[in-house]
Amino acid sequence: MKRKIAAVLCCLAMTMTLLAGCGSGGDSGTNSAKETEQKSNETEQKSEETSAKADAFAKDEVTIGFSNDADSWDPCTGFGYTGSPLYSSLVRVNGDDKLENDLATEYSVSEDALTWTFKIRNDVVFSDKEPLKASDVAFTFNTTKEKATYMDLTMLESCTAADDTTVEFKLNKPCVTFIYTVAQIGIVPEKSYSDKFGLSAEETIGSGPYKLTQWDKGQQFILEANENYYGEQPAIKKAVFLVQEEDARFVSAKAGDVDIALTSATIATNEIDGMHVEEVESVDNRGITLPTVPDEGKTTEDGYKIGNNITSDVNVRKALCCGIDRERIMEEALNGFAKPAYTECDGMPWWNEETVIETDVDHAKQLLDEAGWKDEDGDGIREKDGTKLAFNLMYFAGDSMRQAVAMSVANQAKENMGFDITVEGVSADDTVKRMFSEPMIMGWGSDSPMTSYMLYHSSNAGKTDFYNPEFYTSEKTDEYLDKAMNSLSIEESYQWWQKAQWDGETGTSMRGEAPWAFYVNMSHLYYVKDGLDIGKQRIHAHGAAWPLVANLAEWTWK
């Protein structure tokens, strides 16, 4: 079955107007005063002309107040998985959150969904002018699988080049989300690759619209347009990234030293002359993991306690979903720079819109009443069989935003429904030890439905990878997720991802079994200089830095 994705290349044009100097000639009868005035005017005019030319020249560069650089620029160890202007991939996700060709011209999937064959362009060279061939693609994926660091390629059996423009992937099991994995891995040159690849600007070679020309680790890095790029040359010829802490980025923006700066909800309410705040939609969510099994004295293989006798009650979990006002959390914790969250994939093509719920405190109270949770002693806290409706709510210590979300939830849960929630900051080590038995403020956000599989398939329950510490399992959910993964196309799989969330009777969402209480999707925030267009940003995944510049080649000055 052959699938062709039309390549969409946005033509970016920028017009720079240079003010031309005006020559003037006086006649012999002009007096010295007029000559002096004329020379003064000419000087001012030349000064203005020089300034205009400088301004025009500057319109093909940007300076960015950024949060971090990289430990390595090597895609084989995970760099650029949310998109990078340094590398090309076989396919990519565009600003409409749809897949389109990049290096690939077409691809096909076998009827058993185990063989994926890609045809690639024959006109691509790396930034060192060496041609990019199918053998480079095969080398990249085999090396990434061998390194087994950030990218999960456990489904990949082999990757081989049939000829210079044909590459074949053999999978050990059907995996419809493999197409998103393909989109996340930039291609590296086999000829130039070594154990030093990506550890310096000189050892970073890609085929994307930009190349890394300078890297002062921990301070700054510079990208310049790749003159050998096969696509449209970008309007922004040079991008200087300053690695700064949040406060320093704000100071730089206020001083006019940067053209764009990452910021946060706590700072973005401050106005800066000549700049505006741009909000980019994300699936960078915050919510609570709710252990779904009771405490029966069991432990994980590592000896960590499993289960919670409060949150194992599905009515308790649902009450925490519908009895909390998300708008209030957004105002209290994020100054309004957020949107309500309902699942791990709001707005993505595989999202089920029927998962949206409204705040309904009366319904939440009814759910608790029906489950036998009532305030018998009049202290404002419900109880059942002598057990108070109380638990600890953990967040990563030092994360003030997660703390604020946790406090808002705890306060509302007590005021609205009679919960007694103790908010507690914990270390990463303590989180791993306690997350299988205690609720935790967590965050996810991915542009691949593979995240949904990892969060809810029973095969992943109870692992220390943070995906499913709730020990959520469901035969019906597994059925839908397996059907999704076995689909022959990503479009065909959408219906099964959506049914897994809510099929009208049950599901992973807050209408169903509610192993998660999702509350907010954070807006990714940036101070942007007036006149700078950052293109059509796709829905951002977790993290506000690298998703921003994935489309750097589409940025322009107006």
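Residues take their numbers from the sequence shown, with the count starting at 1.
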Asker: Which atom pair, heavy atoms only, marks the closest approach of N521 to S282?
Answerer: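 Result for this residue pair: CB-O, 3.5 Å.
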
Asker: Would you please test K191 and E130 for salt bridge (Lys or Arg N to Asp or Glu O under 4.0 Å) and show each step?
Answerer: CA-CA 9 Å; K191 182 178 179 180; E130 289 292 325; 3.5 Å; yes

Asker: Working to the nearest 0.5 angstrom, can you tell me the gap between L455 CG and W516 CH2?
Answerer: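 The CH2 atom of W516 is 6.5 Å from CG of L455, to the nearest 0.5 Å.
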
Asker: Keeping the roles fixed (side chain from K339, backbone from M330), state whether a donor-acceptor pair exists under 3.5 Å.
Answerer: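 Between the backbone of M330 and the side chain of K339 there is no qualifying donor-acceptor contact (under 3.5 Å).
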
Asker: Do Y210 and S127 have a side chain donor and acceptor closer than 3.5 Å?
Answerer: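 Not at all, the side chains of Y210 and S127 share no donor-acceptor pair under 3.5 Å.
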
Asker: Apply side-chain contact (heavy atoms from CB on, under 4.5 Å) to residues M454 and D465 and explain how you reach the verdict.
Answerer: CA-CA 9 Å; M454 298 296 288; D465 57 9; 4.0 Å; yes

Asker: Residues in ring-ring contact (aromatic ring centres under 6.0 Å, His included) with F139, at least two apart?
Answerer: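 For F139 the ring-ring contact (aromatic ring centres under 6.0 Å, His included) partners, ignoring immediate neighbours, are Y193.
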
Asker: Go through the steps for Q184 and T82 under the test side-chain hydrogen bond (donor to acceptor under 3.5 Å, both in side chains), then give the verdict.
Answerer: CA-CA 6 Å; Q184 293 174 332; T82 57; over 6 Å; no

Asker: Using a distance-only test with no angle check, is there a side-chain donor-acceptor pair under 3.5 angstrom linking S487 and S493?
Answerer: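 No, because no side-chain N or O of S487 sits under 3.5 Å from a partner of the opposite role on S493.
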
Asker: Using modelled atom types and a 3.5 Å cut-off, is there a donor and acceptor pairing between side-chain atoms of D533 and backbone atoms of T556?
Answerer: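 Flag not set: sc D533 to bb T556 has no pair under 3.5 Å.
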
Asker: Could you tell me whether D60 and K238 make a salt bridge, using a distance below 4.0 angstrom between a side-chain N and a carboxylate O?
Answerer: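 K238 and D60: not salt-bridged.
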
Asker: Would you confirm whether K129, through its side chain, and F126, through its main-chain N or O, come within 3.5 Å as a donor-acceptor pair?
Answerer: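 No: the side chain of K129 does not pair with the backbone of F126.
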
Asker: Which pair of non-hydrogen atoms, one from Y526 and one from H540, has the smallest distance, and what is that distance?
Answerer: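 What the structure gives for the nearest pair is OH-CE1, 3.2 Å.
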
Asker: side-chain contact (heavy atoms from CB on, under 4.5 Å) between E157 and L171: does it pass, once the steps are laid out?
Answerer: CA-CA 5 Å; E157 188 69 33; L171 306 188; 5.9 Å; no

Asker: Taking side-chain hydrogen bond (donor to acceptor under 3.5 Å, both in side chains) as the test, write out the residues that go with S459, two or more places apart.
Answerer: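 Per chain and number, S459 pairs via side-chain hydrogen bond (donor to acceptor under 3.5 Å, both in side chains) with H457.
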
Asker: Step by step, would you call E168 with T115 a side-chain contact (heavy atoms from CB on, under 4.5 Å)?
Answerer: CA-CA 7 Å; E168 184 178 87; T115 302; 3.7 Å; yes

Asker: Checking D69 side chain against G218 main chain: does a donor-acceptor pair fall under 3.5 Å?
Answerer: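 Checked: pair present.
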
Asker: On a heavy-atom basis, which atom in E61 and which in D259 lie closest, and how many Å separate them?
Answerer: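 Result for this residue pair: O-OD2, 4.0 Å.
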
Asker: Quick check against the 3.5 Å criterion: does N101 have a side-chain atom that pairs as donor or acceptor with the backbone of L90?
Answerer: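 No, N101 side chain to L90 backbone: no donor-acceptor pair under 3.5 Å.
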
Asker: Other residues, nucleotides and ligands only: do more than 12 of their heavy atoms fall within 6.0 Å of CD on E353?
Answerer: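 For E353, atom CD is not crowded (no more than 12 foreign heavy atoms under 6.0 Å).
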
Asker: Given T266 and E246, is the side-chain contact (heavy atoms from CB on, under 4.5 Å) satisfied, shown in steps?
Answerer: CA-CA 10 Å; T266 55; E246 184 176 274; 3.9 Å; yes

Asker: So does P189 get a backbone contact from the side chain of S192, meaning a donor-acceptor N/O pair under 3.5 Å?
Answerer: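 Looks like no, no N/O pair under 3.5 Å.
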
Asker: Would you check, one step at a time, whether the test side-chain hydrogen bond (donor to acceptor under 3.5 Å, both in side chains) holds for D74 with S72?
Answerer: CA-CA 5 Å; D74 184 358; S72 166; 4.8 Å; no

Asker: Under 3.5 Å, is there a donor-acceptor pair between the side chain of N172 and the main chain of T154?
Answerer: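 Present.
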
Asker: Answer yes or no: is there an ion pair linking D447 with R538, defined by an N-O contact shorter than 4.0 Å?
Answerer: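 The answer is yes: the pair qualifies as a salt bridge.
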
Asker: Checking D346 side chain against T343 main chain: does a donor-acceptor pair fall under 3.5 Å?
Answerer: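 Confirmed, D346 side chain pairs with T343 backbone.
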
Asker: Ring centroid separation for F221 and W73, is it under 6.0 angstrom?
Answerer: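 Yes.
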
Asker: So, E203 and K196, do they make that salt bridge, N to O below 4.0 Å?
Answerer: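 The answer is no: the pair does not qualify as a salt bridge.
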
Asker: Given 3.5 Å as the limit, does a donor-acceptor pair link the side chain of D96 with the main chain of K98, or not?
Answerer: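 Pair absent, no side-chain N/O of D96 close to backbone of K98.
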
Asker: Looking only at heavy atoms, what is the nearest atom pair of I187 and L132, with distance?
Answerer: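 Shortest heavy-atom separation between I187 and L132 comes out as CG2-CD1, 4.1 Å.
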
Asker: If I compare all heavy atoms of T165 with all of D163, which pair ends up nearest, and what's the gap?
Answerer: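 Heavy atoms only, the tightest pair is N-OD1, 2.9 Å.
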
Asker: So, are E227 and K211 salt-bridged, with charged N and O less than 4.0 Å apart?
Answerer: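 Yes, this pair counts.
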
Asker: Looking at D71, I'd like to know if its CG atom is crowded, meaning that more than 12 non-hydrogen atoms belonging to other residues, nucleotides or ligands lie closer than 6.0 Å.
Answerer: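 It does not: D71 CG has 12 such atoms or fewer within range.
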
Asker: Checking F169 now: which residues fulfil ring-ring contact (aromatic ring centres under 6.0 Å, His included) with it, not counting sequence neighbours?
Answerer: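 Applying ring-ring contact (aromatic ring centres under 6.0 Å, His included) to F169 gives F118, F141, F178.
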
Asker: Give, for atom CG of L525 and atom CG of L262, the distance between the pair rounded to the nearest 0.5 Å.
Answerer: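 One gets 9.0 Å once the value is rounded to the nearest 0.5 Å.
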
Asker: Answer yes or no: is there a donor N or O on one side and an acceptor on the other, between the side chain of S509 and the main chain of Q501, under 3.5 Å?
Answerer: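 Side chain of S509 to backbone of Q501: a pair is present.
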
Asker: Quick test of your reading of the model: are R121 and D123 salt-bridged, counting only N-O distances below 4.0 Å?
Answerer: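 Yes, this pair counts.
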
Asker: Can you tell me how far the OG1 atom of T77 sits from the CE atom of M151, to the nearest 0.5 Å?
Answerer: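 If we round to the nearest 0.5 Å, T77:OG1 and M151:CE are 10.5 Å apart.
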
Asker: If you look at every heavy atom in D257 and T63, which pair is closest and at what distance?
Answerer: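 Smallest interatomic distance, heavy atoms only, reads O-CG2, 3.6 Å.
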
Asker: Please tell me if the side chains of R326 and Y342 come closer than 4.5 Å, counting only heavy atoms from C-beta onward.
Answerer: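 They are in contact (side-chain heavy atoms under 4.5 Å apart), so the answer is yes.
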
Asker: Flag the pair W350 / Y180 as yes when their ring centroid distance falls below 6.0 Å, and as no otherwise.
Answerer: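 Yes: the rings meet the under 6.0 Å criterion.
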
Asker: Check this for me: does any side-chain nitrogen of one of R92 and D102 sit under 4.0 Å from a carboxylate oxygen of the other?
Answerer: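 Yes, charged N to carboxylate O under 4.0 Å.
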
Asker: Hydrogens and angles aside, do S523 and E281 bring a side-chain donor and acceptor to less than 3.5 Å of each other?
Answerer: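 Their side chains do not contain a donor-acceptor pair, so the 3.5 Å distance test is not met.
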
Asker: Looking just at side-chain N and O atoms, do T105 and K119 make a donor-acceptor pair shorter than 3.5 Å?
Answerer: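 The criterion, which ignores hydrogens and geometry beyond distance, is not satisfied for K119 and T105.
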
Asker: Indicate whether the side chain of E344 and that of S452 have a donor and an acceptor atom separated by less than 3.5 Å.
Answerer: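 Looking only at side-chain atoms, S452 and E344 do form a donor-acceptor pair, the distance falling under 3.5 Å.
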
Asker: Does W444 have its ring centroid less than 6.0 Å away from the ring centroid of Y467?
Answerer: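 Yes, the ring of W444 comes within the 6.0 Å limit of the ring of Y467, centre to centre.
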
Asker: Apply side-chain hydrogen bond (donor to acceptor under 3.5 Å, both in side chains) to the pair N460 and N468, showing each step before the final yes or no.
Answerer: CA-CA 6 Å; N460 205 50; N468 189 354; over 6 Å; no

Asker: Centre-to-centre under 6.0 Å for W546 and F66, is that the case here?
Answerer: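 Under 6.0 Å, so yes.
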
Asker: Can you tell if the side chain of Q498 reaches within under 4.5 Å of the side chain of W351, non-hydrogen atoms only?
Answerer: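 In short, these two side chains do not touch, never coming nearer than 4.5 Å.
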
